[in-house]
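Small disclaimer: the values here were computed from a predicted structure and weren't measured. Below, all heavy atoms of this structure are taken into account, side chains as well, without hydrogens, waters or symmetry copies.
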Amino acid sequence: MSSFAQPTLVVVTEFSPPHQTQIGNKVGGFSTDIVTMIVNEANMNASISIYPWARAYQMVSRQKNTLIYSLARTPERESLFHWIAPVVHFKLGFVKLAQRDDVRVNNTQQAKHYKIAVQRNDLAYTVLHNHRFDLLLTPDIQNSYHLLLAKKVDLIIDDENYIPAMSKHIGVSPDRFSFIYAIDELNVDGYLAANLDIDPEILHALQQAFLKIKDAAKYKALLEAH
């Protein structure tokens, strides 16, 4: 580590409470706390910024020494990034308006009858697009929720545990929404990941930092937090 002293890393993410939140210019949340733990253990600094998911994904794909979280680790993405540490576990599925008794999903195929909002470059987009669902692409999860409330779409994709935090953020009761069906392919870990062209010394330091904190009670509590 002698060749650099406390480098400031460029880290990007999306707004997705309670794991990625923003109050003023400060980015917080459970996953953010894990990322901060790793960065601090590596004796580095991080400049964490929130962007629409598609832009964040594009940045980490193209810019050297850039990191992203929470990026779902899938076989298709395995060779595209360096995977540093799990920071969240996703259990994603279909969410509808609770008042929509006409929207019924008892299996994945049944959801093909409905229009679904998904974020561009999100794992849900990849999975559902491959299965030929009727999709409307949005820049971020907030936009998807607003389209659902406006009845411009019938379903969105989210984790049941995230609905209360997002409902609070957009100023509606969580009772407005109903999580109706979990999607097996969207039960995955979200990672802190890095551009392939990251400085090897920085990557090694972050990987070693994770090994030091992965058994800590605080890390385990944050990983399981909702």
Would you say [X] and [Y] are hydrophobically clustered, going by side-chain heavy atoms of ILVMFWY under 4.5 Å?
{"X": "Tyr181", "Y": "Tyr125", "answer": "yes"}
{"X": "Val60", "Y": "Leu192", "answer": "no"}
{"X": "Leu128", "Y": "Leu155", "answer": "yes"}
{"X": "Val153", "Y": "Val172", "answer": "yes"}
{"X": "Ile50", "Y": "Tyr57", "answer": "no"}

Could you go step by step and tell me if Leu137 and Val118 meet the side chain to side chain contact (heavy atoms under 4.5 Å, CB included) rule?
CA-CA 5 Å; Leu137 296 183; Val118 294; 3.8 Å; yes
Main-chain N/O of [Y] paired with [X] side-chain donor or acceptor, under 3.5 Å:
{"X": "Asp159", "Y": "Lys91", "result": "yes"}
{"X": "Glu14", "Y": "Ala56", "result": "no"}
{"X": "Lys112", "Y": "His131", "result": "yes"}
{"X": "Tyr69", "Y": "Pro86", "result": "no"}

Applying side chain to side chain contact (heavy atoms under 4.5 Å, CB included) to Ile170 and Leu149, what does each step give before you reach the verdict?
CA-CA 10 Å; Ile170 61 179; Leu149 286 167; 3.9 Å; yes
If I compare all heavy atoms of [X] with all of [Y], which pair ends up nearest, and what's the gap?
{"X": "Gly190", "Y": "Phe90", "value": "CA-CE1, 3.6 Å"}
{"X": "Ile163", "Y": "Tyr145", "value": "CG1-OH, 3.5 Å"}
{"X": "Met37", "Y": "Leu222", "value": "SD-CD1, 3.9 Å"}
{"X": "Asn65", "Y": "Asn195", "value": "N-CB, 4.4 Å"}
{"X": "Val88", "Y": "Ser31", "value": "CB-OG, 3.6 Å"}
{"X": "Phe133", "Y": "Ala111", "value": "CE2-CB, 3.6 Å"}

From CA spacing to verdict: side chain to side chain contact (heavy atoms under 4.5 Å, CB included), Ile48, Val39:
CA-CA 11 Å; Ile48 303 176; Val39 170; over 6 Å; no
Would you say [X] and [Y] make side-chain contact, with heavy atoms under 4.5 Å?
{"X": "Leu203", "Y": "Ile84", "value": "yes"}
{"X": "Arg55", "Y": "Val12", "value": "no"}
{"X": "Phe177", "Y": "Glu160", "value": "no"}
{"X": "His82", "Y": "Leu196", "value": "yes"}
{"X": "Leu223", "Y": "Ile34", "value": "yes"}
{"X": "Asn161", "Y": "Phe179", "value": "no"}
{"X": "Val87", "Y": "Tyr219", "value": "no"}

Could you check, using the six-membered ring where one of them is a Trp, whether His19 and Tyr162 have ring centers closer than 6.0 angstrom?
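Yes.
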Does [atom1] belonging to [X] count more than 12 external heavy atoms closer than 6.0 Å?
{"X": "Lys115", "atom1": "NZ", "result": "yes"}
{"X": "Asp184", "atom1": "CG", "result": "no"}
{"X": "Asn130", "atom1": "CG", "result": "yes"}

Please assess His113 against Asp134 for the test side-chain hydrogen bond (donor to acceptor under 3.5 Å, both in side chains), listing each intermediate value before the final yes or no.
CA-CA 8 Å; His113 298 297; Asp134 183 9; over 6 Å; no
Is there any side-chain hydrogen bond (donor to acceptor under 3.5 Å, both in side chains) pair reaching into residues 168-180, and which pairs are they, with sequence neighbours excluded?
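Residue pairs passing side-chain hydrogen bond (donor to acceptor under 3.5 Å, both in side chains), neighbours aside: Gln142-His169.
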Audit row: Thr8, Ser47, side-chain hydrogen bond (donor to acceptor under 3.5 Å, both in side chains) steps and yes/no:
CA-CA 6 Å; Thr8 297; Ser47 172; over 6 Å; no
Would you check, one step at a time, whether the test side chain to side chain contact (heavy atoms under 4.5 Å, CB included) holds for Asp122 with Ile141?
CA-CA 10 Å; Asp122 186 82; Ile141 188 65; over 6 Å; no
Looking at residues at least two apart in the chain, or sitting in another chain, which of them share a salt bridge (Lys or Arg N to Asp or Glu O under 4.0 Å) with Asp197?
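Per chain and number, Asp197 pairs via salt bridge (Lys or Arg N to Asp or Glu O under 4.0 Å) with no residue.
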Exactly one of Phe210, Trp83, Phe81 should register a ring pair (Phe, Tyr, Trp, His ring centres under 6.0 Å) with Tyr191. Which one does?
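Running ring pair (Phe, Tyr, Trp, His ring centres under 6.0 Å) over Phe210, Trp83, Phe81 with Tyr191 returns exactly one hit, Trp83.
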Using the salt bridge (Lys or Arg N to Asp or Glu O under 4.0 Å) rule, collect all pairs that involve residues 60-88, keeping only residues at least two apart or in two chains.
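For residues 60-88, and leaving out neighbouring residues, the salt bridge (Lys or Arg N to Asp or Glu O under 4.0 Å) pairs sorted by first residue read Arg73-Glu78.
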